[in-house]
Protein chains: 2
Amino acid sequence: MNPYLEERIRELGFRITPQRQLILEAVAEAGEKARIEDIMERVQAKSSAISQATVYRTLEIFGAHNLIHVNVLDGQRVYEVAGENVHHHMICQSCWSDEKIPHKVVNEFVDNVQVKYGFLAQPHHLFLLGLCKHCQEEEDKKQISKEEEKRP
Amino acid sequence: MNPYLEERIRELGFRITPQRQLILEAVAEAGEKARIEDIMERVQAKSSAISQATVYRTLEIFGAHNLIHVNVLDGQRVYEVAGENVHHHMICQSCWSDEKIPHKVVNEFVDNVQVKYGFLAQPHHLFLLGLCKHCQEEEDKKQISKEEEKRP
DNA sequence: GACTAACATGCGAATGTTTGCAATTGAGAA
DNA sequence: TTCTCAATTGCAAACATTCGCATGTTAGTC
């Protein structure tokens with residue numbers, strides 16, 4: 001298992017168990033935006049003896065301590081192992097493309113909020129929903145043809 | 001019911017039913033960050049004939065169309081009727097205080113992302129988690145006494 | 001006002017998620 | 001290494017959420 005993670009787990013006072021190692025591996029292998037069913041499937045494949053409750057509990061605990069990022073996408077929880085480079089996502093609600101934004105850009109916003117309100121935002125893994133460049137153009141086209149319908 | 005909402009519902013092609021009116025009322029009365037149990041309780045008080053499935057379905061549909069904001073706080077979904085003034089929240093993860101930020105401030109960030117990446121973020125109701133001014137100071141104090149422990 | 005087609009609801013069953021508790025196990029102390 | 005105890009796990013039951021389908025309703029049309 002990722003030695004960085006192992007260290008963080010110990011630091012936080014949690015124990016390292018085979019189940020937890022395996023679950024974290026499964027989340028890592030399931031890639032970004034892993035849904036519970038993806039994770040469950042991989043865990044079962046590795047060892048069918050692990051109880052579902054343990055998977056849920058592990059994700060919950062590690063999520064609460066930012067060892068795993070938890071986000072909600074399209075109504076479903078999605079998980080990602082927290083790496084060392086902080087980043088965020090720009091997700092298109094039309095084509096579901098997903099681009100990363102480095103933390104630096106988000107940080108300017110964080111600083112701005114800090115200066116204006118004194119609030120220290122700690123966004124570990126933002127999901128910014130919106131429209132990618134391509135889908136914005138598509139939307140514009142739709143808008144134009146809609147207006148043409150009104151006066152032919 | 002809020003006439004603005006009623007209009008939006010019709011525009012989107014949905015029907016107005018007594019159940020939906022009642023559920024939206026309940027969400028509105030439950031205030032910001034209403035949990036499903038708060039809503040369910042209020043709905044039941046108004047009319048015990050409404051099925052739970054209908055409440056879930058209504059929240060889901062109206063959430064997907066931004067008539068209701070859905071966020072996740074501390075692992076639980078929370079709902080808020082979408083009003084006409086767009087705003088966001090700064091929520092302290094230590095004392096759970098909650099201050100609103102006007103959209104204007106968030107919009108500067110949105111513009112920045114748009115210019116840099118071409119992505120049009122559409123944050124309707126951000127929950128910015130972090131530390132309020134007061135809790136930042138408390139954290140600082142803790143940090144200092146921790147360091148003093150190391151060399152007494 | 002009556003008619004109709006599509007939409008919405010309620011019911012109950014199927015799924016998904018959380019919880020309490022007894023048994024097990026990791027990791028520090030001896 | 002062995003001992004000890006709190007943390008962790010598996011199980012099964014409780015609870016929460018979603019789904020399929022038959023029935024009832026809305027809102028537009030005549």
Side-chain angles (χ1 to χ4, degrees), chain A residues 1 3 5-27 30 34-65 67-68 70-79, chain B residues 1 3 5-27 30 34-65 67-68 70-79:
Chain A
M1 182 172 59
L5 269 185
E6 198 158 323
E7 199 191 313
R8 292 279 330 262
I9 293 174
R10 288 185 200 282
E11 270 175 20
L12 290 166
F14 295 116
R15 291 186 183 164
I16 308 237
T17 68
Q19 289 90 336
R20 286 178 174 176
Q21 293 180 313
L22 216 143
I23 291 166
L24 285 171
E25 265 177 38
V27 177
R35 293 163 307 163
I36 186 71
E37 58 201 282
D38 302 326
I39 296 167
M40 221 49 107
E41 203 174 290
R42 280 168 200 270
V43 168
Q44 290 302 311
K46 285 167 192 286
S47 160
S48 59
I50 294 182
S51 138
Q52 303 215 129
T54 298
V55 178
Y56 281 112
R57 276 189 287 230
T58 302
L59 295 175
E60 149 99 37
I61 292 177
F62 290 173
H65 290 85
L67 297 174
I68 288 179
V70 187
N71 279 283
V72 173
L73 191 56
D74 206 20
Q76 257 209 316
R77 288 199 271 213
V78 293
Y79 302 88
Chain B
M1 182 173 60
L5 270 185
E6 197 158 324
E7 199 192 313
R8 292 279 329 266
I9 294 174
R10 288 185 200 283
E11 269 175 22
L12 289 167
F14 295 116
R15 292 182 182 167
I16 308 241
T17 68
Q19 289 91 335
R20 287 177 173 178
Q21 292 180 313
L22 216 142
I23 291 166
L24 285 172
E25 265 176 38
V27 177
R35 292 163 306 163
I36 186 72
E37 58 201 281
D38 302 326
I39 296 167
M40 221 49 106
E41 203 174 290
R42 280 169 200 270
V43 167
Q44 289 303 311
K46 285 167 193 284
S47 161
S48 59
I50 293 182
S51 140
Q52 302 214 129
T54 298
V55 177
Y56 281 112
R57 275 189 289 230
T58 302
L59 294 175
E60 148 100 38
I61 291 177
F62 289 173
H65 293 273
L67 297 173
I68 288 179
V70 187
N71 279 282
V72 173
L73 191 55
D74 206 20
Q76 256 209 317
R77 287 199 271 213
V78 293
Y79 302 88

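Proteins come first, then strands; the chains are lettered A, B, ... in the order of their sequence lines, and each starts at number 1.
Map B/I23 and A/R57 each onto its nearest nucleotide of DNA chain C; the residue landing nearer the 5' end is B/I23. Residue whose closest nucleotide on DNA chain C sits further toward the 5' end, between B/Q19 and B/G75: B/Q19. For the pair B/R77 and A/A49, nearest-nucleotide mapping onto DNA chain D gives the more 5' position to A/A49.
Residue A/T17 places at least one side-chain N or O closer than 4.0 Å to OP1 or OP2 of D/dT9. Contact between the side-chain N/O atoms of A/R20 and the OP1/OP2 oxygens of D/dT9 is found at a separation under 4.0 Å. OP1 and OP2 of C/dG26 both lie 4.0 Å or more from every side-chain N or O belonging to A/R10.
Summarising the geometry, the separation between CD on B/Q44 and P on D/dA16 is reported as 13 Å, rounded to the nearest angstrom. Rounded to whole angstrom, the span from the CD atom of B/Q52 across to the P atom of C/dG16 amounts to 19 Å. Residue B/E60 contributes atom CD, which lies 8 Å from atom P of D/dC19 at whole-angstrom precision. Between the P atom of C/dC7 and the CZ atom of B/F62 lies a distance of 14 Å, rounded to the nearest Å.
A donor-acceptor contact under 3.5 angstrom links the side-chain atoms of B/R15 to the base of C/dA6.
Distance from the side chain of B/S51 is smallest for C/dG10 among the nucleotides C/dA8, C/dA27, C/dG10.
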